[in-house]
There are 2 protein chains.
Amino acid sequence: MAARGSPTITTIAEAAGVSIASVSRVLNGLPVRAETERRVLDAAGRLGYVPNSVARSLRSARTHQIAFAVEDIGNPVYLAMLREIQPLLKAAGYRLVLHSTGADTAEEVEVLRGLGQRYADGLIIVPIRVTDEHVAELRAVEAPVVVIGSLPGDGLADNVRTDSRRGVDMALRHLAELGRRRIGFINGPADTVPGGARSEAFRAGTARAGLTVEDGALHEGRFDRETGAEGVRRMAEGPAPMPDALLCANDLIALGALDALRARGLDVPGDVAVVGMDDTDLAAVSWPPLTSVSLGSAERGRHAARLLLDRLDSGAAPSAPRVVTVEPRLVVRASTGGARVVDNGSAAG
Amino acid sequence: MAARGSPTITTIAEAAGVSIASVSRVLNGLPVRAETERRVLDAAGRLGYVPNSVARSLRSARTHQIAFAVEDIGNPVYLAMLREIQPLLKAAGYRLVLHSTGADTAEEVEVLRGLGQRYADGLIIVPIRVTDEHVAELRAVEAPVVVIGSLPGDGLADNVRTDSRRGVDMALRHLAELGRRRIGFINGPADTVPGGARSEAFRAGTARAGLTVEDGALHEGRFDRETGAEGVRRMAEGPAPMPDALLCANDLIALGALDALRARGLDVPGDVAVVGMDDTDLAAVSWPPLTSVSLGSAERGRHAARLLLDRLDSGAAPSAPRVVTVEPRLVVRASTGGARVVDNGSAAG
DNA sequence: TTGTAAGCGTTATCAC
DNA sequence: GTGATAACGCTTACAA
């Protein structure tokens with residue numbers, strides 16, 4: 001009869017009539033006598049031995065797990081990152097531990113702190129806000145961390161960012177070229193990292209391009225569809241004339257705006273041109289297909305995974321934190337009536 | 001100066017001038033003298049002690065991790081499940097380890113086998129196929145497993161399923177009621193669990209409803225958009241008349257079909273009514289909005305998480321495997337021109 | 001080549 | 001109430 005519970009190297013050793021050290025050697029491909037190897041493999045096979053990864057981890061101080069933390073895995077942007085990250089980690093022999101923290105900043109900090117429990121060898125995190133607490137934890141944490149999104153100051157951690165200001169500029173330039181002059185902006189929370197950057201870029205970019213922004217043409221909410229619909233309602237019902245173009249801080253907001261515009265009988269892009277951001281899968285599916293500023297989510301995910309794996313492999317050589325920047329691209333679709341498919345910003349002014 | 005590496009209970013014990021047993025007691029809320037508690041907490045706080053979860057796991061044989069395995073986390077159906085499962089696990093104190101196995105059946109079996117390494121306390125898996133190997137592993141595995149999707153025979157594992165045959169029937173009945181008679185069907189791989197069930201249900205359902213299925217009105221591919229577009233192309237270019245209604249085995253296929261129909265100048269639902277399956281977020285976003293058979297993905301995820309947590313909590317009382325069945329619902333949108341929003345099948349025949 | 005034994009960081013069982 | 005100590009399953013000196 002098999003012993004209670006799963007077999008361990010001790011069980012195998014007894015069954016094979018050798019010591020646990022020999023079992024371990026065979027299992028790890030170290031040199032042993034052929035006869036020993038045969039007996040161990042035989043016993044292991046017969047008893048269905050599987051090494052215990054927890055014990056291995058305790059010994060080696062390596063869990064072969066990497067954590068990935070985002071605000072909401074339902075958001076297509078984060079999903080796009082995950083889809084790139086997951087296969088890269090798997091190929092490198094790591095499992096992926098997924099954290100979906102929710103809007104609460106404290107939970108993000110908690111994830112950072114939780115790394116101290118050593119359940120993972122490293123972390124890729126996309127913080128929605130970066131508070132002093134984030135910074136403090138980032139300094140304290142021992143395991144390698146890659147942050148996706150802008151980080152204050154340098155040298156805090158490996159960092160993958162995108163130039164969302166430039167992305168906003170590309171969108172505004174595109175709209176201006178189409179002859180649009182009265183631009184509206186629907187944003188997510190301005191006190192978040194992406195919300196703040198987009199808000200600031202919108203202000204600067206419209207001024208620079210000589211575009212008009214009416215008082216009522218700014219709306220701030222969350223990064224979801226309801227906010228897009230609500231923003232359009234407010235603008236349509238306000239005293240100012242309806243904008244002839246709408247920049248939305250992400251694709252979800254833009255989809256909500258499209259719905260609300262359709263509900264009011266406004267034509268897109270005839271009456272109002274609409275631009276989203278992130279260029280998620282939804283942009284191609286929506287009607288009309290959505291012009292969107294790609295911030296390279298997939299690419300950022302890929303870079304993040306590479307940076308982290310690199311650090312884990314390179315024998316903890318503690319080199320200086322690295323920063324990778326991904327260029328935004330404008331993907332033009334029917335919601336602005338444009339014909340070009342891609343503007344990578346390299347065309348002459 | 002702090003010692004090298006993170007502090008352990010040994011470090012704390014030395015700093016506090018007590019034994020490691022006392023440190024452990026304080027940390028676990030066991031009765032100790034007030035003075036001892038103070039000294040330990042003080043030292044722990046000062047040195048930034050964080051318990052090592054790996055060591056804890058080795059001792060307790062509990063990892064507080066649960067694995068979730070699907071074919072492709074990019075598929076909105078699996079994402080919908082994940083979005084329900086993740087918060088439930090988190091609330092119960094478990095981390096989520098995500099596996100995206102890809103189309104390869106062997107990888108699914110590998111995940112099952114990998115559980116033997118004890119890196120997780122349980123597993124929720126959505127197999128795309130169920131081979132003899134799956135069955136064998138399911139029998140052998142010691143940790144609790146919940147399978148989402150139909151399972152051959154009973155008692156193999158806790159199981160959450162849906163009656164996709166009934167779902168197909170509801171869609172066919174809907175189309176028949178709308179006066180459609182020539183029905184086309186675009187399926188994913190028929191040798192998969194969902195593909196097989198849908199194929200069989202389509203055959204039976206059309207016969208029962210007296211609907212016509214032309215030879216060229218069946219297309220089999222993958223569960224993706226390209227397959228939907230390809231299916232429409234084939235049907236349009238074949239000798240048989242174009243179907244006046246199309247059942248697609250999932251929403252992605254349906255979206256591809258919509259694209260291809262539009263490209264050929266065919267009106268939906270005027271010329272061809274289209275029904276998808278899974279009722280993912282995409283169905284509401286597409287144009288026209290897509291009528292779809294909801295198979296309760298979110299609900300299935302929730303049930304699966306509950307079943308598993310239940311088993312983990314109930315002190316390993318090895319009760320008989322349980323089966324939960326989720327009822328399909330037809331969600332009618334513009335792609336079939338219908339007006340009803342939901343048909344839960346309870347209406348009189 | 002092989003076995004003995006120490007140690008990874010905990011928890012829990014003993015005596016005291 | 002507290003401290004020494006064994007044990008969880010594994011890898012790896014060190015001896016033989």
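Letters A, B, ... are given to chains in the order of the sequence lines, protein chains preceding strands, and every chain is numbered from 1. Heavy atoms only: backbone and side chains are in, while hydrogens, waters and symmetry mates are out.
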Problem set entry | Nearest to side-chain heavy atoms of Ala55(B), which nucleotide of dT10(C), dC8(C), dT2(C) | dT10(C)

Problem set entry | Separation of dA12(C) P from Asn28(B) CG (nearest whole Å) | 7 Å

For this session: Kindly indicate whether the side chain of Arg59(B) and the base of dA12(C) share any N or O donor-acceptor pair separated by less than 3.5 Å?
Result: no

Problem set entry | For atom CD of Glu35(B) and atom C1' of dG1(D), their distance in whole Å | 13 Å

Problem set entry | Aromatic plane relationship, Tyr94(A) with His64(A) - under 30° parallel, 30 to 60° tilted, over 60° perpendicular | tilted

Exercise. Reckon Thr36(B) touches a base, only the sugar-phosphate, or nothing at all at heavy-atom distances under 4.0 Å?
Worked result: sugar-phosphate

Problem set entry | Heavy-atom donor-acceptor pair, Arg118(B) side-chain to dG9(D) base, under 3.5 Å | no

Exercise. Given atom CZ of Arg39(A) and atom C1' of dT2(C), what is their separation to the nearest angstrom?
Worked result: 12 Å

For this session: Look at the side-chain N and O atoms of Asn52(A) and state whether any lies under 4.0 Å from the OP1 or OP2 oxygen of dC8(D).
Result: no

Seminar exercise, completed: Per atom distances to the Val32(A) side chain, the nearest of dA6(D), dT2(C), dG3(D) is dT2(C)

Exercise. Roughly, in whole Å, what's the span from CD1 in Ile9(B) to C1' in dT2(D)?
Worked result: 14 Å

Exercise. So what does Val54(A) touch, heavy atoms closer than 4.0 Å: a base, only the sugar-phosphate, or nothing?
Worked result: nothing

Exercise. So what does Thr8(A) hit on the nucleic acid, given a heavy-atom distance under 4.0 Å: a base, only sugar-phosphate, or nothing?
Worked result: sugar-phosphate

For this session: Determine: side-chain N/O of Ser24(B) to OP1/OP2 of dT11(C), distance under 4.0 Å, yes or no.
Result: yes

Problem set entry | Check: Val145(A) main-chain N/O paired with Asp158(A) side-chain donor or acceptor under 3.5 Å | no

Seminar exercise, completed: Of the candidates dC8(D), dT10(C), dT11(D), the side chain of Leu58(B) sits closest to dC8(D)

Exercise. Would you say the side-chain atoms of Thr325(A) pair up with the backbone N or O of Thr162(A), donor to acceptor, closer than 3.5 Å?
Worked result: no

For this session: Determine to 10° how strongly the helix from dT1(C)-dA16(D) to dC16(C)-dG1(D) is bent, judged from the axes of its five-pair ends.
Result: 50°

Problem set entry | SB check Arg38(B) Glu35(B) (cutoff 4.0 Å) | yes

Exercise. For the side chain of Asn28(A) and the backbone of Ser24(A), is there at least one donor-acceptor N/O pair under 3.5 Å apart?
Worked result: yes

Seminar exercise, completed: Rounded to whole Å, CD1 of Ile20(A) lies from P of dA7(D) at a distance of 13 Å

Exercise. Once you round it to whole Å, what is the distance between P of dG9(C) and CZ of Arg25(B)?
Worked result: 20 Å

Exercise. Any side-chain heavy atom of Leu312(B) sitting closer than 4.5 Å to one from Ile66(B)?
Worked result: yes

Exercise. Hey, does the side chain of Arg33(B) come within less than 4.0 Å of dT2(D)'s phosphate (OP1/OP2), counting only N and O?
Worked result: yes

For this session: Run through Thr105(A), Thr192(A), Asp104(A) and flag the one making a side-chain hydrogen bond (donor to acceptor under 3.5 Å, both in side chains) with Arg129(A).
Result: Thr105(A)

Exercise. Do you see a donor-acceptor pair shorter than 3.5 Å between the side chains of Ser6(B) and Arg118(A)?
Worked result: yes

For this session: Look at the side chain of Arg56(B) and decide which nucleotide, out of dG9(C), dT10(C), dT11(D), has an atom nearest to it.
Result: dT10(C)

Problem set entry | 5'-most by nearest nucleotide on DNA chain D - Pro31(B) or Leu30(A) | Pro31(B)

For this session: Please tell me which of the listed nucleotides, dT10(C), dT4(C), dC10(D), lies nearest to the side chain of Ser19(A)?
Result: dT4(C)

For this session: Starting at atom CD of Glu37(B), determine the distance to atom P of dT2(D), rounded to an integer number of angstrom.
Result: 10 Å

Exercise. For dC10(D), does OP1 or OP2 lie under 4.0 Å from any side-chain N or O of Tyr49(A)?
Worked result: yes

